[in-house]
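Each remark here refers to the structure printed beneath this line.
Nothing here was measured: the structure is a model prediction, and the numbers come from that model.
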Amino acid sequence: VKEYTMILDKEHIRENSTFLYGKMKGMYRYTFSELQRLTNLGSTELCLALIQLLREEKITQDRGPQGICYATV
């Protein structure tokens, strides 16, 4: 239960999104699985970090040949 609460903490989400954004500067486009391997974040934590970056308009999301891809703006 404690781990689940920590995942939903806004500050924790912001920290993960900052971490994720820093990692994404190495390449332009990433699939979800590539981002998981790059960051070692769990699915929920990664989803929340991606949502935060989308809300801040720091990344975009689109469908490519490999599926949904995320790219820095």
Side-chain angles (χ1 to χ4, degrees):
V1 175
K2 186 175 182 180
E3 181 181 334
Y4 181 73
T5 304
M6 187 174 156
I7 290 172
L8 298 179
D9 177 76
K10 287 184 180 184
E11 186 57 37
H12 188 70
I13 294 168
R14 284 191 191 100
E15 289 170 7
N16 283 340
S17 68
T18 301
F19 171 69
L20 173 60
Y21 188 67
K23 292 284 188 179
M24 288 181 77
K25 291 185 176 184
M27 214 166 71
Y28 177 67
R29 288 172 58 92
Y30 296 89
T31 63
F32 189 84
S33 57
E34 287 173 331
L35 290 173
Q36 276 191 307
R37 284 192 300 275
L38 185 66
T39 62
N40 291 318
L41 292 174
S43 295
T44 303
E45 288 180 305
L46 181 55
C47 283
L48 292 171
L50 287 167
I51 290 167
Q52 181 66 33
L53 291 174
L54 287 164
R55 292 176 79 194
E56 293 173 5
E57 299 180 357
K58 291 183 175 181
I59 64 170
T60 60
Q61 172 181 297
D62 63 85
R63 180 174 294 278
Q66 298 174 315
I68 302 295
C69 289
Y70 302 91
T72 55
V73 175

Q. Mind checking whether Thr72 and Tyr28 have side chains closer than 4.5 Å, heavy atoms only?
A. yes
**Q.** Heavy-atom side-chain proximity of Met27 to Glu34 below 4.5 angstrom
**A.**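 They are in side-chain contact.
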What heavy-atom pair brings [X] and [Y] nearest, and what distance separates the two atoms?
X: Asn40; Y: Arg37; answer: OD1-O, 3.8 Å
X: Ile59; Y: Leu54; answer: O-CD2, 3.6 Å
X: Ala49; Y: Leu20; answer: CB-CD2, 3.9 Å
X: Ser43; Y: Phe32; answer: O-CZ, 3.8 Å
X: Gln36; Y: Gly42; answer: NE2-C, 4.0 Å
X: Ile13; Y: Leu48; answer: CG2-O, 3.7 Å

Working to the nearest 0.5 Å, report the span between [atom1] of [X] and [atom2] of [Y].
X: Glu45; Y: Leu50; atom1: CD; atom2: CG; answer: 12.0 Å
X: Leu41; Y: Cys47; atom1: CG; atom2: SG; answer: 10.5 Å
X: Lys23; Y: Thr39; atom1: NZ; atom2: OG1; answer: 8.5 Å

Q.
Other residues, nucleotides and ligands only: do more than 12 of their heavy atoms fall within 6.0 Å of CD on Glu57?
A. no
Q: Please assess Arg29 against Asp62 for the test side chain to side chain contact (heavy atoms under 4.5 Å, CB included), listing each intermediate value before the final yes or no.
A: CA-CA 10 Å; Arg29 288 172 58 92; Asp62 63 85; 2.9 Å; yes
Q: Determine, using the 4.5 Å side-chain heavy-atom cutoff (strictly less than), whether Leu46 and Phe19 are members of one ILVMFWY cluster.
A: no
Q. Do the side chains of Ile51 and Tyr21 join up, straight or via other hydrophobic residues, at under 4.5 Å, putting them in one cluster?
A. no
Q: Look at the side chain of Tyr30 and the backbone N and O of Met24, then say whether any donor-acceptor pair between them is shorter than 3.5 Å.
A: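 The answer is yes, because a donor-acceptor pair under 3.5 Å joins these two groups.
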